[in-house]
Amino acid sequence: MEKVFWDCPDFSLSQTLECGQCFRYEKKEDDCYTVISGQKVITLGQVGDSIVFYGDNDIPFWKGFFDGERDYNEIKQRLKENDPIMAEAISFAPGIRILKQEFFEMLMSFIISQNNHIPRIRGLIQRLSQEYGMPLEGGFYSFPTPQQLSDVTEEAYRSLGCGFRGRYLEDAVKNVLSGNFEVEKLEMLPTEELRQRLMSICGVGQKVADCILLFSFGRYEVFPTDVWINRVYSHAYFEGKKLLAKELQVSAAEKFGNNAGFAQQYLFYYGRERKIGKG
DNA sequence: AGCCAGGCAATTC
DNA sequence: GAATTGCATGGC
């Protein structure tokens, strides 16, 4: 098997995949991972700072997927200034990079994520792909396209185990197929307008919309606010006092500015792994 | 064996 | 408008 090497600074494959932004990866032997995005699949590993791609399937795509061009060192230095908790969160997982993932896949995945555990989210996405996606090499399946899901009913989603989210998933597919969610056009919209557009889909609230804005549209100024972020944020900056989501986001915007999204992911992973503020 | 989950819409006050 | 409630399911 052909190997392609890639030196990418400030990058940990495991931290980036396992920090909660991505649901479609599988850990193999020797710290190797198989990652699936849309119709593409790759197996890769890491030796020190060096990433090893096994196979040469569209390497430029995967370098973009891993946000390879961005200077994360500069972002981290800026976030750490006068912020010991952030410094600790960053040193806990200094190799997180924000992935660039497909819009439709993020839309469906984060609808599924609501009121759900991460292991179960992954299972549901896997079954959805296996049922309606396309077989790829290695026994994996592509995430289904909107067209492949065009006739899937709420009941079918429920029988996969999606529960009450079935109605939302069906609505999301209808919306995308209607033509009001073409990525090339969405990319042009200012963040707030794009957020409102996403939230017009039943089942997409601000949290889900913000995850899509951050993980798919590269709107790094957003700060997705969920229960974990609320715990770690109030613990880190407000002596444990819980904030309303609105207040928290105003505070995060002041504190982190255009790097809020990166800050969110460092804090989220740190808080969740260390169970900060829980119990 | 329950408890609860990267929330949300619907309902109620 | 802010606060409360029901939701489906299964991993832990």
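To find a chain, count down the sequence lines: A is the first, B the second, and so on, and within it residues start at 1.
Listed in residue order, the members of residues 100-111 of chain A having a heavy atom less than 4.0 Å from DNA chain B come to none.
A donor and an acceptor atom, one from each side chain of A:S251 and A:Y233, are located under 3.5 Å apart.
OP1 and OP2 of C:dC7 both lie 4.0 Å or more from every side-chain N or O belonging to A:R165.
A:Y25 carries A:R122 over the face of its six-membered ring, with the cationic atom under 6.0 Å from the centre and within 45° of the normal. A:K100 forms no cation-pi arrangement with A:F215, by the criterion of a distance under 6.0 Å to the ring centre and an angle within 45° of the ring axis.
Contact of A:H117 with B:dC4 (side chain to base): a donor-acceptor pair of N or O atoms is detected under 3.5 Å.
Nearest to the side-chain atoms of A:R231 among the listed nucleotides B:dA5, C:dG10, B:dG7 stands B:dA5. When the nucleotides C:dT9, B:dG6, B:dG7 are ranked by their closest atom to the side chain of A:N115, B:dG7 comes out on top.
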Just list the side-chain donor-acceptor pairs under 3.5 Å for residues 41-55 of chain A, sequence neighbours left out, or say none.
| unit_1 | atom_1 | unit_2 | atom_2 | d |
| --- | --- | --- | --- | --- |
| A:T43 | OG1 | A:T34 | OG1 | 2.9 |
| A:Q46 | OE1 | A:L13 | N | 2.8 |
| A:Q46 | NE2 | A:F11 | O | 2.8 |
| A:Q46 | NE2 | A:G48 | O | 3.0 |
| A:S50 | OG | A:D7 | OD1 | 3.2 |

Q. What does nucleotides 8-13 of chain B look like as a protein-contact string, B for base, S for sugar-phosphate only, - for none, at under 4.0 angstrom between heavy atoms?
A. SS----
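Salt-bridge check for A:D67 with A:R70: passed, with a basic side-chain N closer than 4.0 Å to an acidic carboxylate O.
Using a 30° and 60° split on the angle between ring planes, A:W62 and A:F66 fall in the tilted class, from 30° to 60°.
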